[in-house]
Peer 1: 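Before anything else, here's the structure in question.
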Amino acid sequence: MSVALVGAGPGDPGLVTVKGLERVRSCDVLVYDRLVAAELVDEAPPGALRIERDRLTQEEVNEALIEHGRRSRVVRLKGGDPFLFGRGGEEALALAGAGVPFEIVPGVSSLASVPGSAGIPVTHRDVSSAVTAFAAHDVEGLDAAALARLPGTLVAFMGGAQAQRLAERLIEHGKPASTPAAVISRGTTDNEEVVVRPLGALEDAVATPALVVIGDVVAVRSALAVRRSAA
């Protein structure tokens, strides 16, 4: 049969794409990430086999997709977009190598949608014309010197729990401590929390998943908040 690598969006189940929802509603097997909204998992047919990815290693996930994909309609449901820190490329390569047909159904990435939900545009004319996304689960392994020199907006995935140390490393390599920064936890959901502080006062996220946004665009949030409250 086939496998669909589907992006579930950034958290709010209403942000899944029409095509992605169609694939979920017609699948025989659903392999999903723990952070995918329960409402989306519930959209799978009553008789569909549901497999939570977090109980498996990546190799086991690949094997499950190949095994089930040869005889069933499989949906691999991932948070955000499959190809942005979602290991979608690894899984697609495994399927291609095994000769199992597959398709990519892009999702709404957290890269812009989570900051956007918090009132932070990742680009803004005369403020930032560049965005750099990076994985920050290993803060000590980052090339902090290179990141500190980059112009525009920095967006750190998987770095909320180490936001304070990330800030310290960037400041050590020349990023001004006064740079506006935000830690956004559970973005786009009803439980979204946004903490805005100068980089030098940044603290770890109180909840995960969390995205860290660093750059002058964060300061735009205050003006947008005033307009929203006045509407």
Side-chain angles (χ1 to χ4, degrees), residues 7 9-11 33-36 53-54 56-59 61 78-91 107-123 127-189 191-221:
D33 289 346
R34 175 178 55 85
L35 294 177
V36 168
R53 177 264 178 272
D54 296 73
L56 307 174
T57 66
Q58 186 60 54
E59 290 71 22
V61 171
K78 298 169 167 288
D81 181 88
F83 277 9
L84 186 60
F85 302 124
R87 297 190 177 180
E90 295 177 41
E91 293 169 3
V108 176
S109 171
S110 299
L111 176 60
S113 61
V114 166
S117 175
I120 301 171
V122 292
T123 64
V127 177
S128 173
S129 59
V131 183
T132 300
F134 61 98
H137 57 282
D138 179 12
V139 172
E140 302 304 328
L142 290 172
D143 187 346
L147 288 170
R149 290 193 299 268
L150 288 171
T153 308
L154 299 179
V155 180
F157 285 71
M158 300 170 280
Q162 301 182 76
Q164 183 174 352
R165 180 56 183 152
L166 172 62
E168 290 171 352
R169 293 213 63 213
L170 291 173
I171 293 169
E172 288 169 1
H173 289 280
K175 197 77 171 173
S178 59
T179 304
V183 177
I184 309 167
S185 302
R186 298 175 295 211
T188 75
T189 72
N191 297 316
E192 178 178 286
E193 296 183 29
V194 185
V195 178
V196 175
R197 291 182 179 171
L199 188 62
L202 206 61
E203 296 183 354
D204 294 344
V206 296
T208 57
L211 205 69
V212 182
V213 184
I214 301 167
D216 291 338
V217 291
V218 175
V220 177
R221 181 175 189 265

Peer 1: Please give me the minimum heavy-atom distance between Ser128 and Gly152, naming the atom from each residue.
Peer 2: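 Looking at all heavy atoms of both residues, the closest pair is OG-CA, 3.3 Å.
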Peer 1: Yes or no on side-chain contact (heavy atoms from CB on, under 4.5 Å) for Ile171 and Glu168, after CA distance, side-chain angles and deciding distance?
Peer 2: CA-CA 5 Å; Ile171 293 169; Glu168 290 171 352; 5.9 Å; no
Peer 1: Return the minimal non-hydrogen interatomic distance between Lys78 and Val36, and the atom names on each side.
Peer 2: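 Scanning both residues, the minimum pair turns out to be C-CG2, 4.1 Å.
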Peer 1: Within the 4.5 Å heavy-atom criterion, are Thr153 and Thr123 side-chain neighbours or not?
Peer 2: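 No. Closest side-chain heavy atoms not under 4.5 Å.
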Peer 1: Kindly give the heavy-atom pair with the smallest separation between His173 and Ala148, and that separation in Å.
Peer 2: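 Closest pair (atom of His173, atom of Ala148, distance): O-CB, 3.5 Å.
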Peer 1: Keeping the roles fixed (side chain from Arg221, backbone from Ala118), state whether a donor-acceptor pair exists under 3.5 Å.
Peer 2: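 Side chain of Arg221 to backbone of Ala118, a donor-acceptor pair under 3.5 Å: yes, one is there.
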Peer 1: Taking the side chain as everything from C-beta on, heavy atoms only, tell me whether Asp138 gets closer than 4.5 Å to Glu140.
Peer 2: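 Result yes, sub-4.5 Å side-chain heavy-atom pair found.
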Peer 1: Using only atom types and a distance under 3.5 Å, with no angle test, would you say the side chain of Thr179 pairs donor to acceptor with the backbone of Leu199?
Peer 2: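 Between the backbone of Leu199 and the side chain of Thr179 there is no qualifying donor-acceptor contact (under 3.5 Å).
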Peer 1: Donor-acceptor pair, distance only, cut-off 3.5 Å: does the side chain of Arg34 make one with the backbone of Asp54?
Peer 2: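 Looks like no, no N/O pair under 3.5 Å.
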Peer 1: Which pair of heavy atoms, one from Ala182 and one from Val218, lies closest together, and at what distance?
Peer 2: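 Scanning both residues, the minimum pair turns out to be CB-CG1, 4.0 Å.
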Peer 1: Could you tell me if the side chain of Val155 sits less than 4.5 Å from the side chain of Val114, heavy atoms only?
Peer 2: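 They are not in side-chain contact.
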Peer 1: For the side chain of Arg169 and the backbone of Glu172, is there at least one donor-acceptor N/O pair under 3.5 Å apart?
Peer 2: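 Not at all, since once roles are kept as given, no pair shorter than 3.5 Å links the two residues.
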Peer 1: Measure the spacing between CG of Leu142 and CD of Gln162 and express it to the nearest 0.5 Å.
Peer 2: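 Taking CG in Leu142 and CD in Gln162, the distance rounds to 9.0 Å.
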Peer 1: Would Leu154 and Leu170 satisfy side-chain contact (heavy atoms from CB on, under 4.5 Å), going step by step from the backbone distance to the final call?
Peer 2: CA-CA 11 Å; Leu154 299 179; Leu170 291 173; 4.2 Å; yes
Peer 1: Testing the basics here: between Ala135 and Phe85, what is the closest heavy-atom pair and its distance to 0.1 Å?
Peer 2: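 For Ala135 versus Phe85, the nearest heavy atoms are N-CZ, 3.5 Å.
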Peer 1: Under the side-chain contact (heavy atoms from CB on, under 4.5 Å) criterion, do Val183 and Glu203 qualify, and how do the steps go?
Peer 2: CA-CA 8 Å; Val183 177; Glu203 296 183 354; over 6 Å; no
Peer 1: Any sub-3.5 Å donor-acceptor pair from Asp204's side-chain atoms to Gln164's backbone N or O?
Peer 2: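 Looks like yes, one N/O pair under 3.5 Å.
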Peer 1: When you compare the side chain of Leu166 with that of Leu202, does any pair of heavy atoms fall below 4.5 Å?
Peer 2: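 Side chain of Leu202 against side chain of Leu166, heavy atoms only: no contact under 4.5 Å found.
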Peer 1: Report the distance from atom OG1 of Thr208 to atom CG of Leu35, rounding to the nearest 0.5 Å.
Peer 2: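 Rounded to the nearest 0.5 Å, the OG1-CG separation comes out at 7.0 Å.
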Peer 1: Judged by atom type as modelled, is there a donor-acceptor pair below 3.5 Å linking the side chain of Ser113 to the main-chain atoms of Ser109?
Peer 2: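 Flag set: sc Ser113 to bb Ser109 pair under 3.5 Å.
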Peer 1: Are the side chains of Lys175 and Ile214 in contact, using a 4.5 Å heavy-atom criterion?
Peer 2: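 In contact.
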Peer 1: I'd like to know if the side chain of Ser185 reaches the main chain of Ala207, judged simply by a donor and an acceptor atom lying under 3.5 Å from each other, with no hydrogens or angles considered.
Peer 2: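 At least one qualifying donor-acceptor pair exists.
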Peer 1: Begin with the C-alpha distance, continue with both residues' side-chain angles, and end with the deciding distance and a verdict on side-chain contact (heavy atoms from CB on, under 4.5 Å) for Glu91 and Gln58.
Peer 2: CA-CA 9 Å; Glu91 293 169 3; Gln58 186 60 54; 3.0 Å; yes
Peer 1: If you compare all heavy atoms of Val212 against all heavy atoms of Ala163, which two are closest, and at what distance to 0.1 Å?
Peer 2: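 Smallest interatomic distance, heavy atoms only, reads CG2-CB, 4.1 Å.
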